[in-house]
Structure formats: C-alpha cells, structure tokens
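Below: the structure, in structure tokens.
Note that these values count all heavy atoms, side chains included, but never hydrogens, waters or copies made by symmetry. Convention: sequence-line order gives letters A, B, ...; per-chain numbering from 1. Just so you know, these numbers come straight off a predicted model, no measurement behind them.
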Amino acid sequence: MLDPIAQLRSELAAAVGDAGGDPQAARSATLEPAARPEFGDFSSNIAMVTAGSASAKPRDFAELLGDALTKRLDGRIERFEVAGPGFLNLFLSDRWYRESLAEIATAGDRFGSGGAEQPTRFLVEFVSANPTGPLTAAGGRHAAYGDALARLLEFHGHEVRREFYVNDAGTQVQRLGLSIQARARGEEIPEDGYSGDYVVGLAGSIPNAAERDPAELATVGVGILRDQIEATLSRYRVEFDHWFSELTLHQGENSPLEKAIGQLRDSGHTFEDEGALWLRTTEFGDDKDRVLIRSDGEPTYFAGDVAYHADKLSRSDHLIDVLGADHHGYVGRMKAAMATLGGDPSRLEMLIMQFVHLVEGGDRSQMSKRRGDFVTLDDLLEMVGVDAARWFMLQRSHDTTVDLDLDLARQRTAENPVFYVQYAHARCFSVITKAEGGLVPVSASGPELHSSERTLIRRLAVFPQEVEEAAERRAPHRICSAALLLAQEFTAFYRDCRVVGAPPEEQAFRLALIDTAKTQIAAALGLLGVEAPDEL
RNA sequence: GCCCUGGUAGCUCAGCUGGAUAGAGCGACUCCCUCCUAAGGAGUAGGCCGCAGGUUCGAAUCCUGCCCAGGGCACCA
C-alpha cells in the first residue's frame with residue numbers, strides 16, 4: 001500500500017510515460033511541499049529531469065505532464081502551473097487532502113514505517129566506552145545517536161542489533177587496577193593512572209582493596225563500572241542486545257583472536273618484521289601497515305578489533321560502527337582489514353561523531369576521563385532530564401561539533417524545542433478529551449478546508465519521505481527538524497481552527513486530524529527516544 | 001607534512017546525491033490573554049552561504065587551489 005505521496009509520485013512517473021518520456025527517469029525527481037503558497041501545494045522538478053528523455057523543452061514538457069496528471073488524478077487536482085525554468089506546481093483539491101488524511105489515519109502509528117527497499121540485518125555498535133570510568137556527557141551523544149539510528153532503521157523495515165564492545169582487556173584496564181590499589185593504600189596515583197574521584201569510591205567499596213592483586217582489582221573494578229554504565233544507559237532509554245566482552249576474544253583453545261590471525265596469515269597479507277607480525281593494510285588503501293602481534297608476543301588492540309569485526313560480519317549483513325572523532329584514523333585500517341579477510345569493505349560503515357561541549361552562561365567544559373574533571377552523563381541527566389538531553393544530543397548532524405546549551409535545555413517553555421513538541425502533543429490530547437464524542441472515519445467530502453488544515457495534512461503526508469531520508473543518510477537529526485515543523489504546523493492549525501464546538505461535521509474531521517497529528521508526533525518522538533506525554 | 005570533519009543571520013545550527021526570493025531555534029525589537037493548556041500566539045530586523053577559480057540553463061550544494069578552526073597520524077587502548 002503506497003502512502004499518499006508515493007502514490008502521487010507514481011502517478012507523476014506514469015504521466016511522464018503518457019507524455020512520451022521515460023518513466024524510469026522520474027525516479028530522481030523531487031516532489032516536495034511548495035516553498036511558497038504561490039507555488040501551490042507541491043512542487044516538482046520532474047519536467048526538468050525527464051524532458052530530455054522525450055527530447056522536449058522542460059517548460060513544454062511540464063505542460064504535457066500537467067495535462068496527463070490532471071487526467072490521472074481525476075478530481076484530486078485543482079490545477080497546475082508551470083513556473084521558472086520548468087517547475088511543475090500542483091494545486092491539489094480538498095478531496096486529495098481528505099483521502100490522504102483517511103489513509104494516514106488508517107495506517108496509525110505504523111504510518112511511514114517499513115519503507116526499506118531491501119530489508120537488511122544491521123549490527124550497530126556504539127558507545128563502547130572503556131569501562132574504566134563513568135560514562136561522560138559526550139558518551140551521551142554517542143548513545144543517543146546510535147540508539148536513535150537503530151530505532152530509525154528498525155522503523156524503516158530493517159532488522160537491527162545493538163552492541164556494546166566492552167574493552168575489558170589490555171593496558172587501560174591494568175592501569176585502572178593499579179589506580180584502585182594506589183587509592184586503597186593512600187598512595188600517589190601512578191603516571192597514566194585514573195585520578196577521578198570515582199576511583200576512591202571503587203577502592204572503598206572493594207573489600208581489602210589495599211592487599212589485593214591489581215589484576216584482580218581491575219576485574220572487579222571493571223565489573224562495577226560496566227554495571228554502572230549499563231544502569232546509566234538504561235536510565236537514558238538505551239538498551240543493548242549484546243555486551244560483547246573483548247576478553248572473550250582471547251579465551252579458550254584456538255580463541256577467536258587466534259582464528260582471525262590464522263585467517264589473515266592464510267590470506268597471505270601478513271608479514272613479520274623486527275619480531276612483530278604485521279598486516280599489510282596498505283594494499284587496501286591504508287597509509288601504513290599495522291601491527292597485529294607485538295614483538296613481545298602480545299596481540300595489539302587492533303588485532304582484537306579485527307577478530308571482533310570478523311565475528312560481527314558473520315552475524316549480520318551490514319555493520320555500523322559509531323566512533324568518536326579521535327578514532328577516525330581507524331577507518332582506513334579497519335576497512336583494509338575487512339578486505340584482507342575477504343569481506344566486502346562496503347559492508348562496514350564507520351560513522352564519526354564530533355565532540356560536544358556543554359555550555360552554561362557562555363562557559364565551555366571539556367570532558368576528559370583521565371583528568372577526572374568531566375561531566376558525567378548522570379550529571380547531565382540530573383541537570384536537564386532524559387528528554388532534553390536526548391533531543392539536544394540528536395538535533396545536530398553527527399559530523400558537526402555541538403554546543404549544548406544547558407540553560408536552554410533546562411527550560412520548560414516554548415523556547416525549548418523539545419518542550420514545544422511535547423506541548424503540541426499534550427494539546428492534542430487535551431482537545432480530544434474535551435471534545436468528548438468519539439472518533440469517526442474521515443468523510444470524503446465536507447466543508448472547504450482551511451489552509452492550516454491543508455498545511456498540516458501535507459506535513460503528515462510527507463513523514464514517510466522524512467523517515468526514508470533520515471534512515472538512509474543515518475541522520476536522526478532530520479527527525480528532530482521534522483518533529484519541530486510538525487509541531488509548528490499543528491500549533492498554527494490549533495490557532496486557526498476551532499475544534500470543540502465547531503459544527504459536527506467539521507468537529508469530526510478536525511478531531512481525526514488532531515488524532516492523526518498526535519499519533520505522528522508521538523511516532524517521531526519515539527524514534528528519538530523522547531517521551532510524548534499526554535499532559536505536561 | 002599527510003589524513004578526517006567543519007567554516008551559512010549577533011549565537012547554536014539545518015539545508016549539501018545541483019533548482020525558484022537561502023531556513024529554524026536562541027538572542028534583539030514590536031504587538032496580543034472575554035477564546036479547546038499564555039507552560040501560549042502574531043510580527044519585524046538581521047546573510048559577499050570562509051576566499052578565488054572552474055563545471056552547468058542553474059552552485060550554499062559538484063570539482064580544483066588557498067585560508068581558518070577542531071581532531072587524528074603508536075609494537076596505547
């Protein structure tokens with residue numbers, strides 16, 4: 001079942017055929033809400049894109065398309081105009097709006113979902129913060145992004161697993177153990193150790209910490225911190241399907257790591273030099289070769305990560321790694337490693353998150369785990385709440401650094417976009433409650449629609465396109481923009497169109513419209529992991 | 001030096017797989033509560049889209065060079 005916009009697109013493509021052009025060429029054409037009222041309801045560049053296939057001039061072809069479309073739409077279109085270099089502007093009839101609303105209402109909270117052309121098994125790995133300290137506010141950006149992306153991909157019709165790679169092996173963990181021991185004994189923190197206050201807390205909560213072996217302390221400490229991270233994320237509404245322990249890669253006879261290294265050796269892409277085993281990643285575009293096994297016989301972090309990715313690859317079709325900006329150097333080598341394993345590097349997608357700065361009264365705070373003066377995600381949630389934290393982390397593209405304005409995020413007024421959207425949702429609920437009388441199906445005819453009603457319906461209709469673009473571009477921030485627009489246009493409608501007390505026919509229609517808007521606001525917020533309360 | 005990401009309104013940022021007069025939020029300034037939540041609403045001002053070339057009927061968007069900012073260039077993880 002095509003959504004109203006998809007139907008329009010398909011009629012437009014057919015019209016291209018009617019007019020003697022190539023309907024296939026219409027695939028790349030745009031069809032979007034008109035930028036200005038004079039441009040009608042929807043504008044399309046289809047004539048400019050397809051005129052060539054009919055050897056016609058864009059403006060002439062647009063006229064032909066308009067005529068063909070008018071026949072096809074049979075009363076759903078009022079008129080069309082050809083403008084500028086060949087834009088086709090459509091002025092649709094109330095009938096189109098009523099039918100569209102009926103379809104959207106029928107689809108309910110599934111409207112806009114399942115549009116993926118090729119359903120795929122995704123495995124999204126994100127956060128994966130070292131379990132050597134509490135999750136920072138910056139980690140909150142990764143968590144919100146990875147989680148929202150996963151929700152979006154699922155809604156779009158894909159299968160998604162969320163995974164957290166726990167770095168519970170290696171030197172960082174050893175340093176944690178030494179730091180705990182030093183704290184327990186009241187000694188100086190070793191160089192490169194962890195100096196945060198939480199280490200003192202750990203030392204205090206582990207019995208006999210002063211006497212115990214650092215390795216043991218490390219294991220216990222990592223366990224505690226991992227649980228804390230999980231609790232924080234859960235509070236933040238982020239749940240993982242799997243917490244993958246790096247340690248398990250190193251365990252057992254013929255461990256996953258050994259298997260992966262063996263596979264790489266067999267592939268002929270490794271070599272030995274100065275006692276170390278190297279992977280010739282330069283063959284696949286990396287700027288230098290990488291060490292797998294150090295000359296002291298210990299595998300590198302990279303080797304473990306290769307093994308981990310090999311494992312992930314065997315469990316899914318497409319991998320997404322959400323990484324920090326300081327890890328971008330990783331992209332080349334991991335892709336190369338995928339290639340040496342015989343996999344298709346395009347199955348691995350590495351998304352780089354830029355940094356977040358918390359801003360309060362113009363002050364920027366940096367977040368470093370080593371120095372111990374960072375703001376934790378728990379602190380941030382305490383300050384602004386889960387909804388605002390998630391929204392503000394998500395509203396910007398992942399590849400731009402972001403300043404999170406704590407003063408604004410804290411506000412519970414219309415100046416705060418999260419609140420504004422939630423408020424629109426609550427208003428919907430309030431009106432529906434006040435109107436009494438139940439919902440009835442949208443009738444195909446009735447009084448002339450107000451322009452605010454038409455604008456709102458058009459906004460609702462465009463949701464599947466928004467979801468598709470957001471999912472394909474890995475851009476949850478587009479959902480924030482869409483939600484804000486929806487809320488604004490709902491609010492305009494609320495201002496212009498009285499519902500309670502309107503003539504019965506009108507009230508029924510408007511109630512259906514409000515109910516549909518409410519459903520969609522909730523759906524959009526749901527994709528962001530933000531709540532949609534009925535009352536504020 | 002090489003690589004990645006940015007450079008758009010006073011601020012924070014959308015728009016970037018080319019389209020009409022470049023958008024939003026904040027901030028600034030006007031105005032509006034006999035009316036379904038004023039926890040609200042209406043409006044105004046504000047822009048050589050970093051710079052210079054190129055491609056195109058058309059460039060904020062694509063290409064090249066340069067400048068600026070942040071980040072990265074480990075037998076650390």
In whole Å, what is the span from the [atom1] atom of [X] to the [atom2] atom of [N]?
| X | N | atom1 | atom2 | value |
| --- | --- | --- | --- | --- |
| A:Q354 | B:A69 | CD | P | 16 Å |
| A:R175 | B:A77 | CZ | P | 9 Å |
| A:E472 | B:C16 | CD | C1' | 16 Å |
| A:Y494 | B:A39 | OH | P | 11 Å |
| A:W391 | B:A24 | CH2 | C1' | 11 Å |
| A:Q488 | B:G41 | CD | P | 9 Å |
| A:D403 | B:G7 | CG | P | 14 Å |
| A:Q422 | B:A39 | CD | P | 16 Å |

Which listed nucleotide ([options]) is nearest to the side chain of [X]?
| X | options | answer |
| --- | --- | --- |
| A:R498 | B:G71, B:C36, B:A77 | B:C36 |
| A:W278 | B:G41, B:C75, B:A14 | B:C75 |
| A:L484 | B:A20, B:A24, B:C4 | B:A24 |
| A:R427 | B:U5, B:C13, B:G40 | B:G40 |
| A:L408 | B:U21, B:C26, B:A24 | B:C26 |
| A:K288 | B:U17, B:C36, B:A74 | B:A74 |
| A:V402 | B:G71, B:A20, B:C13 | B:C13 |
| A:R478 | B:A77, B:C16, B:C36 | B:C16 |
| A:E38 | B:U21, B:C16, B:G6 | B:U21 |
| A:Y330 | B:G15, B:A77, B:C36 | B:A77 |

What nucleic acid atoms does [X] come within less than 4.0 Å of, heavy atoms only: base, sugar-phosphate, or nothing?
| X | value |
| --- | --- |
| A:Q395 | nothing |
| A:A169 | sugar-phosphate |
| A:D168 | nothing |
| A:S295 | base |
| A:H477 | sugar-phosphate |
| A:N89 | base |
| A:C428 | nothing |
| A:A276 | base |

Under 4.0 angstrom between [X] side-chain N/O and [N] OP1 or OP2:
| X | N | value |
| --- | --- | --- |
| A:R473 | B:C16 | yes |
| A:R396 | B:G15 | no |
| A:R495 | B:A42 | yes |
| A:Y420 | B:G41 | yes |
| A:Q411 | B:C26 | no |

Syn or anti for B:C33, taking syn as within 90° of 0?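 Glycosidic conformation of B:C33: syn.
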For residues [X] and [Y], is any side-chain donor paired with an opposing acceptor at under 3.5 Å?
| X | Y | answer |
| --- | --- | --- |
| A:E415 | A:T413 | yes |
| A:D321 | A:H309 | yes |
| A:N167 | A:Q172 | no |
| A:D286 | A:T281 | yes |

When both hydrogen-bonding distances must be under 3.5 Å and the geometry is Watson-Crick or G-U wobble, what is [N] paired with, if anything?
| N | answer |
| --- | --- |
| B:G46 | none |
| B:A9 | none |
| B:A38 | none |
| B:U55 | none |
| B:C16 | none |
| B:U21 | none |

Evaluate whether the aromatic ring of A:F355 and the six-membered ring of the B:G71 base sit under 5.5 Å apart, centre to centre, with an inclination under 30°.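 Given the distance and angle limits, no, they do not stack.
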B:A9 and B:G1: how far apart are their P atoms, nearest whole angstrom?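 To the nearest whole Å, 29 Å.
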Residue pair A:Y420, A:Q488: steps toward the side chain to side chain donor-acceptor pair (under 3.5 Å) verdict: CA-CA 8 Å; A:Y420 183 84; A:Q488 283 168 339; 5.3 Å; no
On RNA chain B, check which nucleotide each of A:R412 and A:V291 is closest to and give me the residue with the more 5' one.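 Its nearest nucleotide being more 5', the pick is A:R412.
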Look at the side chain of A:T300 against the base of B:A74 and say whether a donor-acceptor pair falls under 3.5 Å; ignore hydrogens and angles.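 Counting by modelled atom types and ignoring angles, no donor-acceptor contact under 3.5 Å is found here.
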